[in-house]
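Only heavy atoms go into these numbers, but all of them, side chains included; no hydrogens, no water, no symmetry mates. Since this is a predicted model, take the numbers as computed values, not measurements.
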Amino acid sequence: GNCHSALLAGTQSIATVLLVSMLFIGEYTVGDSTIPEIVKESLRILPPVATLPRWAAQEIKLDGNITLPSHKPVLIDLLAM
């Protein structure tokens, strides 16, 4: 999940996650929102890793005559989701 991404991203990215989380806590603490909920939301909005590499287990045919070959890397853009 996002926490694993934060740990793998390196110290600079972790510092950014902490800063953004603190800004969100100071700005958007409303009602019964808890700090873990706010941190989770900040990771969703501004993930420390914006692209995740994955490998296609088998050949996949997409629309428009596009084929992803098996065992090749595929980059998933988290910000586009």
Cluster question for you: counting only ILVMFWY and a side-chain heavy-atom cut-off of under 4.5 Å, with indirect links fine, are Trp55 and Leu75 together?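 In one cluster: no.
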Report yes or no: do Ile60 and Ile66 belong to one cluster of Ile/Leu/Val/Met/Phe/Trp/Tyr joined by side chain heavy-atom distances under 4.5 Å?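 As far as the 4.5 Å side-chain criterion goes, Ile66 and Ile60 are connected within one cluster.
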Nearest 0.5 angstrom please: Gln58 CD to Ser70 OG, how far?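 The CD atom of Gln58 sits 8.5 Å away from the OG atom of Ser70.
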If you compare all heavy atoms of Pro69 against all heavy atoms of Ala56, which two are closest, and at what distance to 0.1 Å?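 For Pro69 and Ala56, the tightest heavy-atom pair comes out as O-CB, 3.6 Å.
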